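Below is one structure; the comments refer to it alone.
Computation of the quantities below employed the complete heavy-atom set of this structure, encompassing side-chain atoms and omitting hydrogens, waters and symmetry-equivalent molecules. Since the structure is predicted, the reported quantities are computational estimates derived from the model, not experimental observations. Throughout, a chain's letter reflects where its sequence line sits, starting with A, and its residues are numbered from 1.
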Amino acid sequence: MIQDYLKSEILKALEKAGTPADPALVGFERPKQAAHGDWSTNIAMALAKQRKGNPRQLAEAIVAGMELDPDLVEKTEIAGPGFINFHLSQNWLYKELENLLASGSTYGNSQIGNGKKAQVEFVSSNPTGPLTVGHGRQAAIGDALARLLSSCGYAVTREYYFNDAGLQMKKLAMSVFLRYRELLGNKVDFPEDHYQGEYIRDIAAQCRSRKGDGLTEADSEFFKQAAIAVIFEEIKRTLARMGIAFDVFYNESSLYADGAIERTKQALAAQGLTYQQDGALWFKATQFGAEKDRVLVRSSGEPTYRLPDIAYHATKFDRGFDLVLDVFGSDHQATYPDVLAALGALGYDASRVEVKIHQFVTLLRGGEQVKMSTRKANYVTLDELIDEVGADAARYFFLMRRMESHLDFDLDLATKQSDENPVYYVQYAHARIRSILAHAAEKGVARARGELALLKEPEEVALIKALLEFPELVQGAAAAREPHRIPTYLQELAGIFHAFYHKHRVVTEDAKLSNARLDLCDAARTVVANGLNLLGVSAPEKM
RNA sequence: GCGCCCAUAGCCCAAUUGGAUAGAGCAACGGACUACGAAUCCGUAGGCUAGAGGUUCGAGUCCUCUUGGGCGCACCA
């Protein structure tokens, strides 16, 4: 990359001046203003601060010492308090554009992940009911992170963890049982904290048609398994509609079956991190800064979620993942500090686990908030949302915002087929380019690699520059775990393309120029398609 | 009471992780289709970055406090 070249020249110049510097200090950024060039470095200011020198003088020494290839760098200048700005030559642009065209659907991919094993755990909703809109955001974020990491050369596993042991499952089985009793004409007292949804009645009816009227409370395992099977099928179907498939579904009960729970308990005890009190087994969370200690095993003998979670995360290390991303909703924010602390205490490198917490989704219809309550089961399910706005719009909207910001999901906007809708805006650019390429073929334009140097108009140069930002954008989004950068970029890119399109005609009598512009269109189409692909959003040929 | 996240244009949000004159979209106003898709484009207007201090060459971004909002603080997950 060009930055590496500039960096090496800067380091050489510093050495020549008798003041060698740490290469890690030399960073580049793209100036906001075109007048400040294509790349800028603040190295002179950073070094001057360290050495109490004059930044402008240092910058002058650096510029004087560099031997830049004029074919790549048109000019270098010092500005402001000591920025060094580089203006790249147009030749460099054309070379990079060639490279883009040659790379095609792999443009933007990199190997910075170096084949490291990464796991992204997300959704992980217990099979007690349909996925909600909140899960939808998490599904979109998790899958986009997985796609970003893959494109950067990580070997990625998408994993879904679910609790099929424990209290919630008992409640689920009991909920089905009670509805079953109701179906048989019994009057039942349905507890407030059990699962209220209508789907429980459906499952109860299925149980009845399969096994008749003679089931009792003792058949709770049957009710449980029946419920899990039905609900999971539904969850997977919903995820499939979103275009999401998991590599691994990891269930809690396997941790009991293979002894991992017991081993973890003993390992924690061996570290002196647990103690008995009031009939329960406690974890000394206060040793890790928590306000109070936490229960690992209830006095009833049943573990809380904490112990299986620790055991589960231990398997992530045992399975050899170099990087683990856990994507959670903000309501789970309290669940991970103990888990990470325990992992550290067990000798694992807890810094490999990154917990990404996303904020909630608010649905808006007609400017009004749509009330959602899981308890009352009157929430909008993810399926209903996809029915209404489609998978593309759903995914795009979920990914548009930084995950730490609350998401206002405007249902009216997502369904609008107009310029107000950002999904259509970006997809339209793709469809439009397809149509231009088809038009050129109809006109009988003989396609050949054009002379890219003919692309000299300001709108053309601006478009090329925007396209060439894509690879570093992808790497930055992956490194920062911030998928929202992709939609932000795509919207800007689509705007630059549309502006170019309006100003300049692509297919003209001038065959050479037409070919160069068709190449540019093709490059733009490639980047839009690659970007949408990272989001899991389709790049339509027609709309 | 304690912890995590958030506050930027009328609305919804960006801002290259501490950079130079804070930017898009929507809404408002004014323009552009007898040629490649008007689901588009061009222009105008809109800001004391919630408030107060601090750190430094430089702060929307980092630190402290205040105000306002979301989410947590179980022998639920």
Side-chain angles (χ1 to χ4, degrees), chain A residues 27-33 35-36 40 42 45 48-49 55 79-83 85 124-126 128 162-163 166-168 171 193 278-282 289-292 294-300 302-306 309 329-335 337 357-360 362 364 367 400-408 410 413 416-425 427-429 431-440 442-443 445 469 472-473 476 479-480 482 484-485 487-489 491-492 494-495 497-508 514 517-518 521 542-543:
Chain A
F28 294 92
E29 61 193 27
R30 283 182 188 278
K32 281 175 198 157
Q33 290 173 61
H36 294 147
S40 173
N42 64 353
M45 280 128 78
K49 187 176 206 166
F83 291 105
N85 295 335
S124 292
S125 167
N126 288 338
T128 58
F162 64 101
N163 302 122
L167 209 58
Q168 294 307 313
K171 279 187 184 168
D193 65 347
D278 304 328
L281 182 70
W282 294 72
E291 214 175 316
K292 45 191 167 183
R294 306 291 179 183
V295 171
L296 286 177
V297 183
R298 285 182 272 258
S299 50
S300 67
E302 275 184 277
T304 60
Y305 72 86
R306 213 168 267 111
D309 265 16
S330 62
D331 56 336
H332 278 55
Q333 65 188 236
T335 65
I357 301 228
H358 66 87
Q359 300 298 315
F360 280 5
T362 306
L364 300 176
M400 262 191 322
R401 308 298 183 213
R402 286 154 66 228
M403 65 179 108
E404 48 274 294
S405 88
H406 290 257
L407 178 65
D408 283 331
D410 187 332
L413 180 60
K416 223 178 255 181
Q417 300 200 4
S418 79
D419 53 347
E420 295 165 50
N421 189 333
V423 195
Y424 286 97
Y425 185 77
Q427 288 184 320
Y428 179 64
R432 178 181 249 178
I433 296 172
R434 274 297 194 211
S435 160
I436 295 168
L437 297 174
H439 172 81
E442 261 173 48
K443 282 263 181 176
V445 177
E469 282 178 35
E472 62 188 84
L473 174 92
E482 291 189 350
H484 79 273
R485 294 187 191 187
T488 303
Y489 166 79
Q491 259 153 275
E492 196 184 313
F497 173 77
H498 288 310
F500 153 76
Y501 170 86
H502 270 269
K503 192 83 188 275
H504 304 289
R505 197 168 166 76
V506 176
V507 181
T508 64
S514 295
R517 286 185 175 161
L518 286 165
C521 286
K542 280 186 183 147
M543 293 171 70

Item to check | Among B:A39, B:A77, B:G1, the nucleotide that comes nearest once only the side chain of A:N126 is considered | outcome: B:A77
Checklist outcome for this item: Nucleotide by nucleotide, nucleotides 7-12 of chain B touches protein heavy atoms under 4.0 Å in the pattern (B base, S sugar-phosphate only, - none) -----S
Checklist outcome for this item: Counting only Watson-Crick and G-U wobble pairs with both atom distances below 3.5 Å, the stems of 3 or more consecutive pairs that include RNA chain B are B:1-5 with B:69-73, B:28-32 with B:40-44, B:50-54 with B:62-66
Next on the checklist: Work out how far the P atom of B:A77 is from that of B:G72, and round it to whole angstrom.
Outcome noted: 15 Å
Checklist entry - How do A:G495 and A:Y305 order along RNA chain B: which one's closest nucleotide is nearer the 5' end? => result A:G495
Checklist outcome for this item: Against the side chain of A:K49, the closest entry in B:C5, B:C75, B:U56 is B:U56
Checklist entry - Considering only side-chain heavy atoms of A:H484, which listed nucleotide, B:A14, B:C4, B:C42, is closest? => result B:A14
Item to check | Pairwise C1' distance, B:A32 and B:G46 [rounded to whole Å] | outcome: 23 Å
Checklist entry - Which part of the nucleic acid, if any, lies within reach of A:A499 when heavy atoms closer than 4.0 Å are counted: base, sugar-phosphate only, or nothing? => result sugar-phosphate
Next on the checklist: Does a side-chain N or O of A:K292 approach OP1 or OP2 of B:A74 to a distance below 4.0 Å, or not?
Outcome noted: yes
Checklist entry - Touch check for A:T304, heavy atoms < 4.0 angstrom, all strands: base, sugar-phosphate only, or nothing? => result sugar-phosphate
Checklist entry - Is the base of B:A20 touched by the side chain of A:N42 through a donor-acceptor pair closer than 3.5 angstrom? => result no
Checklist entry - RNA chain B: A:A334 or A:Q359, which has the more 5' nearest nucleotide? => result A:Q359
Checklist entry - Rounded to the Å, how far apart are A:N85 CG and B:A20 P? => result 12 Å
Checklist entry - Checking all strands, does A:A48 fall into the base, sugar-phosphate, or nothing category for heavy-atom contacts under 4.0 angstrom? => result nothing
Next on the checklist: Can you check the distance between B:G69 and B:G31, where both ends of the measurement are the C1' atom (answer in whole Å)?
Outcome noted: 41 Å
Item to check | Non-hydrogen atoms of A:N85 and A:A79 that approach each other most closely | outcome: ND2-CB, 3.6 Å
Checklist entry - Can you find a donor-acceptor pair, distance only, under 3.5 Å between A:S300 side chain and B:C75 base? => result no
Next on the checklist: Roughly how many Å apart are B:A28 and B:U66, using the C1' atom of each and rounding to a whole number?
Outcome noted: 36 Å
Next on the checklist: For the base of B:A20 and the side-chain ring of A:F83, does the geometry meet a stacking cutoff of under 5.5 Å between centres and under 30° between planes?
Outcome noted: yes
Next on the checklist: For a quick check of understanding: with a heavy-atom distance under 4.0 Å over all strands, which category does A:E492 fall into, base, sugar-phosphate or nothing?
Outcome noted: nothing
Item to check | Nearest-angstrom distance, C1' atom, B:U8 to B:A14 | outcome: 10 Å
Checklist entry - Counting any heavy atom closer than 4.0 Å, what does A:T128 reach on the DNA or RNA strands: base, sugar-phosphate only, or nothing? => result nothing
Checklist entry - Among the nucleotides B:U17, B:U40, B:G58, which one has an atom lying closest to any side-chain atom of A:E29? => result B:U17
Polar atoms only, N or O, under 3.5 Å: list the protein pairs with nucleotides 36-38 of chain B and their distances.
unit_1: B:C36; atom_1: O4'; unit_2: A:R505; atom_2: NH2; d: 3.3
unit_1: B:C36; atom_1: O2; unit_2: A:V507; atom_2: N; d: 3.0
unit_1: B:C36; atom_1: N3; unit_2: A:V506; atom_2: N; d: 2.8
unit_1: B:C36; atom_1: N4; unit_2: A:Y501; atom_2: O; d: 3.0
unit_1: B:C36; atom_1: N4; unit_2: A:H504; atom_2: O; d: 2.7
unit_1: B:G37; atom_1: OP1; unit_2: A:S435; atom_2: OG; d: 2.5
unit_1: B:G37; atom_1: OP2; unit_2: A:S435; atom_2: OG; d: 3.2
unit_1: B:G37; atom_1: O2'; unit_2: A:Y428; atom_2: OH; d: 2.4
unit_1: B:G37; atom_1: O2'; unit_2: A:R432; atom_2: NE; d: 2.8
unit_1: B:G37; atom_1: O2'; unit_2: A:R432; atom_2: NH2; d: 3.1
unit_1: B:G37; atom_1: N7; unit_2: A:S435; atom_2: OG; d: 3.2
unit_1: B:G37; atom_1: O6; unit_2: A:M543; atom_2: N; d: 3.3
unit_1: B:A38; atom_1: OP2; unit_2: A:R432; atom_2: NH2; d: 2.5

Checklist outcome for this item: Side-chain contact check for A:D331: nearest option of B:A14, B:C71, B:C73 is B:C71
Next on the checklist: Give me the distance, rounded to whole Å, that separates B:C57 from B:A20 when you measure between the C1' atoms they each carry.
Outcome noted: 12 Å
Item to check | Side-chain donor or acceptor of A:T304 paired with backbone N/O of A:V295 under 3.5 Å | outcome: yes
Item to check | B:A27 to B:C63 separation - C1' atoms, rounded to the nearest Å | outcome: 38 Å
Next on the checklist: Looking at A:E492 and A:Y489, would you say the former's side chain and the latter's main chain have a donor-acceptor pair under 3.5 Å?
Outcome noted: no
Item to check | Distance between C1' atoms of B:A45 and B:G25 (Å, rounded) | outcome: 16 Å
Next on the checklist: Under 4.0 Å, counting only non-hydrogen atoms across every strand here, what does A:D410 touch: a base, just sugar-phosphate, or nothing?
Outcome noted: nothing
Checklist entry - If you look at every strand shown and take non-hydrogen atoms under 4.0 Å, does A:A79 touch a base, only sugar-phosphate, or nothing? => result base
Checklist entry - With sugar-phosphate meaning primed atoms plus P, OP1 and OP2, does A:Q33 contact a base, only sugar-phosphate, or nothing at under 4.0 Å between heavy atoms? => result base
Next on the checklist: Considering every strand and a 4.0 Å limit on heavy-atom distances, what is the contact class for A:H498: base, sugar-phosphate, or nothing?
Outcome noted: sugar-phosphate
Next on the checklist: Whether the side chain of A:E291 and the base of B:C73 hold a donor-acceptor pair under 3.5 Å is what I'd like checked.
Outcome noted: no
